[in-house]
Amino acid sequence: MQMGVSNSKNVVEHQRTESPIQQGPGLDQGFQRITIGSLPDDVLLVIFAFYQVVIDQDKDEFPWNWEKLVHVCQRWRYLIFESPIHLNLQLFCTTLTPVRKLLDVWPPFPLVILDYNKYGWSELDEFDEAALDNTAAALEHRDRVHRISISYPSNSLRKRILTAMQEPFPALRSLSFRLHEGLSGRGDHLPATFLNGSAPCLQHLAFLSVSFPLLPRLLSSTSDLTSLHLNDIPNSGYIPPEEMATSLSALPKLKSLIISFRLSPLLHPQSKID
């Protein structure tokens, strides 16, 4: 591309300086082009953080794909790895993720465990031990699991998850567990030892078609809880209103509350109308 005399002169004069800012061809003399390599670290961090926020807004369930950025160059890799909290770096684990290999490759970032099927039933084969092992491998690192979101799991996967989650998960901040209503009476029940009855860091809890009569015991340990969504509670999950009200009164940070029943609690034989 040829340039006018005045622009060529400007470029020659600019090249004599040590500034990384370049005069672009065809641009006004007052407008200078800056290459991304010339940006300082703090500016790059702002850009990365903004990108992470935009991606998170578009995809609520999926952590942002920071892995692509760390492969751009060594400088970006070091910068991102030095700011794991600021950039919310997490490792994304599903039944299809080779979790054990993933944990060997990356630093010990927080884990997000996700299994979701929009069609309402998990497509995971009941006998796919490799897929089940992927979830089990992630659940073994209880102190690193920050978020669990399981929707309509297969029977094998549900049993594997509930077995692992009878132990405490001290770093767990968000838990979403959705079961198909067809499981009512044959698998919707959470054991009394679920999470060992304690989740001190939990901030978001969502159950769908889940029976857990001992929920008030768990809520007594979740003083940081900000959202509690209990949808389609089956009859087997009935909790007396007075007991639930007492539990909710001990949640000072709660902002969002949803409670819905498969049948009205007034129809439950233990309910009383004053």
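- When all heavy atoms of S209 and L179 are compared, the pair lying nearest together is CB-O, 3.2 Å.
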- Any chance you could lay out the side-chain contact (heavy atoms from CB on, under 4.5 Å) test for V99 and T94, step after step, and finish with the verdict? CA-CA 8 Å; V99 174; T94 73; over 6 Å; no
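- Linking ILVMFWY side-chain heavy atoms closer than 4.5 Å, directly or via other members, places L111 and V105 in a single hydrophobic cluster.
- Shown here for D143 and A171, the closest heavy-atom pair between the two residues is O-CB, 3.4 Å.
- L208 is not listed as a side-chain neighbour of L230, based on a closest heavy-atom distance of 4.5 Å or more.
- N134 and T97 share no side-chain donor-acceptor pair at under 3.5 Å.
- Side-chain atoms of S260 come within 3.5 Å of backbone N or O of D232 as a donor-acceptor pair.
- Interatomic distance, CE of M165 versus CZ of F194, reported as 4.0 Å (0.5 Å rounding).
- With values rounded to the nearest 0.5 angstrom, L172 atom CG is found 10.5 Å from S198 atom OG.
- In terms of hydrophobic clustering, with Ile, Leu, Val, Met, Phe, Trp and Tyr side chains grouped at heavy-atom distances under 4.5 Å, F48 and V46 are assigned to different clusters.
- Here the straight-line distance linking atom CG of L214 with atom CG of L219 works out to 11.0 Å at 0.5 Å rounding.
- Counting heavy atoms from C-beta on, the side chains of F92 and L102 never come closer than 4.5 Å.
- Shown here for H141 and A137, the closest heavy-atom pair between the two residues is CD2-O, 3.2 Å.
- The backbone N or O of A199 lies less than 3.5 Å from a partner atom in the side chain of S221, making a donor-acceptor pair.
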- Test side-chain contact (heavy atoms from CB on, under 4.5 Å) applied to L103 and R144, step by step: CA-CA 11 Å; L103 299 182; R144 291 174 54 185; 3.8 Å; yes
- Item | Stepwise side-chain contact (heavy atoms from CB on, under 4.5 Å) check, F207 with N231 | CA-CA 6 Å; F207 284 158; N231 290 293; over 6 Å; no
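- Counted within 6.0 Å of CD1 on I258, heavy atoms from surrounding residues, nucleotides or ligands total more than 12; the atom is thus considered enclosed.
- Between R217 and E243 there is no salt bridge, since no side-chain N of the basic residue sits under 4.0 Å from a carboxylate O of the acidic one.
- Side chains of S149 and R178 form a contact here, defined as non-hydrogen atoms less than 4.5 Å apart.
- The closest side-chain donor-acceptor pair between S236 and S211 falls under 3.5 angstrom.
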- Task: Dump the intermediate steps for side-chain contact (heavy atoms from CB on, under 4.5 Å) on M244 and I259, then the final yes or no.
- Result: CA-CA 10 Å; M244 178 60 76; I259 300 178; 4.3 Å; yes
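- Atom-to-atom distance recorded for L175:CG and T222:OG1 is 11.0 Å, nearest 0.5 angstrom.
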- Determine, step by step, whether R100 and D133 satisfy the salt bridge (charged side-chain N to carboxylate O under 4.0 Å, His left out) criterion, reporting the C-alpha distance in whole Å, the side-chain angles of both residues, the deciding distance to 0.1 Å, and the verdict. CA-CA 9 Å; R100 299 190 189 279; D133 183 67; 3.0 Å; yes
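- Looking at every heavy atom in both residues, C201 comes nearest to P170 through SG-O, 3.2 Å.
- For F81 and W76, the ring centers sit 6.0 Å or farther from each other.
- Here the shortest heavy-atom pairing between F177 and V210 reads O-CG2, 3.6 Å.
- Taking hydrophobic clusters as Ile, Leu, Val, Met, Phe, Trp and Tyr residues chained together by side-chain heavy-atom distances below 4.5 Å, L39 shares a cluster with L45.
- Using a cut-off of 4.0 Å between Lys/Arg side-chain N and Asp/Glu carboxylate O, D224 and R173 are scored as not salt-bridged.
- Residue S227 is tested with K255, K253, Q203, H204 for a side-chain hydrogen bond (donor to acceptor under 3.5 Å, both in side chains); the sole match is H204.
- Comment: R75 engages D41 in a salt bridge, judged by a side-chain N to carboxylate O separation of less than 4.0 angstrom.
- Atom CG of L257 and atom OG1 of T226 lie 11.5 Å apart (nearest 0.5 Å).
- Side-chain atoms of R147 and S176, non-hydrogen and from C-beta on, never get closer than 4.5 Å to each other.
- To the nearest 0.5 Å, atom OG of residue S156 and atom CD1 of residue I161 are 11.0 Å apart.
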- Message: Test ring-ring contact (aromatic ring centres under 6.0 Å, His included) on W66 and F109; report intermediate values, then the result.
- Response: CA-CA 12 Å; W66 51 266; F109 296 140; 5.4 Å; yes
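- Following chains of ILVMFWY side-chain contacts shorter than 4.5 Å, one cannot reach V70 starting from Y78, and the two form parts of different hydrophobic clusters.
- A distance-only check finds no donor-acceptor pair linking the side chain of R142 to the backbone of E167 [under 3.5 Å].
- Residues S174 and H146 have side chains that never bring a donor and an acceptor to within less than 3.5 angstrom of each other.
- Of all heavy-atom pairs spanning L89 and P110, the tightest one is O-CD, 3.3 Å.
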